[in-house]
Asks: 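The structure that follows is given in the form of structure tokens.
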Amino acid sequence: YQENLMEMKSADENKDQVIATVSHELRTPLNGIIGILALAEDKVDDPEVIDYLNLCKDNANLLLSLVNSILDLQQIRQGKLALHPAAVDLYKILKNITKLFYFQCQQKRITLNLDIDSSAPEHIYTDENRLKQILINLIGNALKFTQKGGITVKVYQDPTDPDAIEVKVIDTGIGIRKDDLCKLFQKFGRLKDGENVNKQGVGLGLIISTALA
């Protein structure tokens with residue numbers, strides 16, 4: 001029994017190493033493809049060709065996001081995910097993150113509001129990149145499932161903890177059944193709501209965000 005257990009553990013570790021190595025190797029050509037597509041877009045005037053290039057770029061970025069998510073999951077699972085906290089400007093981070101989604105929200109004709117309460121300090125101590133990653137995942141999810149109305153990012157001092165800031169992403173989207181809540185934090189968990197099926201992403205964003213938080 002012990003021998004079988006050791007073999008299983010070894011196989012699991014080898015699998016993790018293969019996944020991590022392949023994921024790392026995929027990032028370099030993917031970044032190259034995205035860069036070349038951007039250069040090609042600048043040299044083309046035909047709107048139809050530009051649409052094709054944008055479609056290719058979007059899919060390449062989606063694949064790169066998946067590769068990065070797999071790497072993050074591997075690091076989290078192995079307890080090797082390093083955080084790099086520092087004093088950062090919270091207001092600036094929030095404004096820059098919400099700006100990333102303004103164009104997409106305009107296209108869908110929904111609003112995106114940033115509501116920073118006066119109780120929230122301007123500077124906090126955190127890992128800026130990981131905070132951005134969590135916010136992008138949450139706002140991105142809200143955007144996917146909101147067809148009308150809007151999204152609000154609300155920030156305030158946690159009334160129960162003077163050393164913590166509360167950040168909420170609130171939307172007027174389709175919502176979620178109570179029975180499906182548990183699926184949100186499962187790997188590759190995706191939800192269906194009648195005919196409203198979201199085909200973007202692979203269901204890693206929320207579980208990574210939870211682990212990071």
Side-chain angles (χ1 to χ4, degrees), residues 27 30-31 33-35 37-38 41-42 47 50-73 88-118 120-124 126-156 165-176 184-185 188-193 196-213:
R27 284 203 293 190
L30 276 172
N31 280 314
I33 290 168
I34 292 166
L37 288 169
E41 190 180 351
D42 289 338
I50 290 173
D51 284 343
Y52 289 146
L53 289 172
N54 279 326
L55 186 60
C56 289
K57 196 165 60 175
D58 288 344
N59 279 280
N61 277 312
L62 185 61
L63 186 54
L64 183 61
S65 176
L66 172 59
V67 169
N68 287 332
S69 294
I70 291 170
L71 286 170
D72 281 341
L73 273 180
V88 298
D89 187 329
L90 175 65
Y91 293 8
K92 184 178 178 181
I93 290 171
L94 291 165
K95 287 172 184 174
N96 287 340
I97 289 294
T98 50
K99 279 180 184 176
L100 292 175
F101 293 94
Y102 278 146
F103 179 69
Q104 290 167 280
C105 287
Q106 284 179 341
Q107 284 186 313
K108 293 185 76 172
R109 296 184 180 179
I110 61 175
T111 60
L112 177 57
N113 301 308
L114 176 58
D115 180 7
I116 304 177
D117 190 83
S118 58
E122 186 174 352
H123 293 90
I124 62 171
T126 189
D127 186 318
E128 180 176 351
N129 289 329
R130 295 305 182 180
L131 175 60
K132 287 178 180 177
Q133 189 175 0
I134 293 171
L135 289 170
I136 287 170
N137 276 327
L138 293 178
I139 298 171
N141 260 25
L143 181 61
K144 286 176 193 175
F145 294 101
T146 302
Q147 303 304 325
K148 60 182 179 179
I151 302 166
T152 299
V153 180
K154 192 171 184 178
V155 188
Y156 55 91
I165 304 300
E166 188 90 14
V167 180
K168 289 185 177 180
V169 177
I170 306 160
D171 64 70
T172 57
I174 61 175
I176 178 172
L184 282 174
F185 304 101
F188 308 104
R190 293 171 66 187
L191 306 177
K192 295 182 180 180
D193 185 31
N196 195 339
V197 182
N198 183 267
K199 296 177 180 173
Q200 300 179 55
V202 290
L204 293 177
L206 286 181
I207 192 168
I208 289 172
S209 295
T210 304
L212 290 174

Asks: Output all residues satisfying side-chain hydrogen bond (donor to acceptor under 3.5 Å, both in side chains) with N113, sequence neighbours left out; order by chain, then residue number.
Replies: none
Asks: Does K148 reach the side chain of T172, with side-chain heavy atoms less than 4.5 Å apart?
Replies: no
Asks: Applying side chain to side chain donor-acceptor pair (under 3.5 Å) as the test, list every pair that has at least one member in residues 129-141; sequence neighbours left out.
Replies: D72-R130, D72-Q133, E128-K132, R130-Q133, N137-S209
Asks: Would you mind reporting whether L206 and L138 have side-chain heavy atoms less than 4.5 Å apart?
Replies: yes
Asks: Using the side chain to side chain contact (heavy atoms under 4.5 Å, CB included) criterion, which residues pair with P121? Sequence neighbours excluded.
Replies: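 With neighbours one apart ignored, the set is I124, Q157, I165.
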Asks: Enter the distance from D171:CG to T111:OG1 here, rounded to the nearest 0.5 Å.
Replies: 10.5 Å
Asks: Compile the donor-acceptor pairs under 3.5 Å between side chains in residues 94-110 and protein atoms, sequence neighbours left out, one pair per line.
Replies:
unit_1	atom_1	unit_2	atom_2	d
N96	ND2	K92	O	3.4
T98	OG1	L94	O	3.0
T98	OG1	K95	O	3.0
K108	NZ	L143	O	2.5
K108	NZ	T146	O	2.8

Asks: Does any non-hydrogen side-chain atom of L131 lie less than 4.5 Å from one of L90?
Replies: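 Touching, per the 4.5 Å side-chain cut-off.
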Asks: Once side-chain hydrogen bond (donor to acceptor under 3.5 Å, both in side chains) is applied, do any residues pair with Y91, and if so which ones, sequence neighbours excluded?
Replies: none
Asks: To the nearest 0.5 Å, how far apart are CD1 in I139 and CD1 in I134?
Replies: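 Answer rounded to 0.5 Å: 11.5 Å.
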Asks: Quick one: list whatever passes side chain to side chain contact (heavy atoms under 4.5 Å, CB included) with I33, sequence neighbours left out.
Replies: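 Side chain to side chain contact (heavy atoms under 4.5 Å, CB included) check on I33 returns L37, A60.
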Asks: Who passes salt bridge (Lys or Arg N to Asp or Glu O under 4.0 Å) against E166, sequence neighbours left out?
Replies: none
Asks: Taking everything shown except K154 itself, do over 12 heavy atoms lie less than 6.0 Å from its NZ?
Replies: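 Counting other residues, nucleotides and ligands, NZ of K154 stays at 12 neighbours or fewer.
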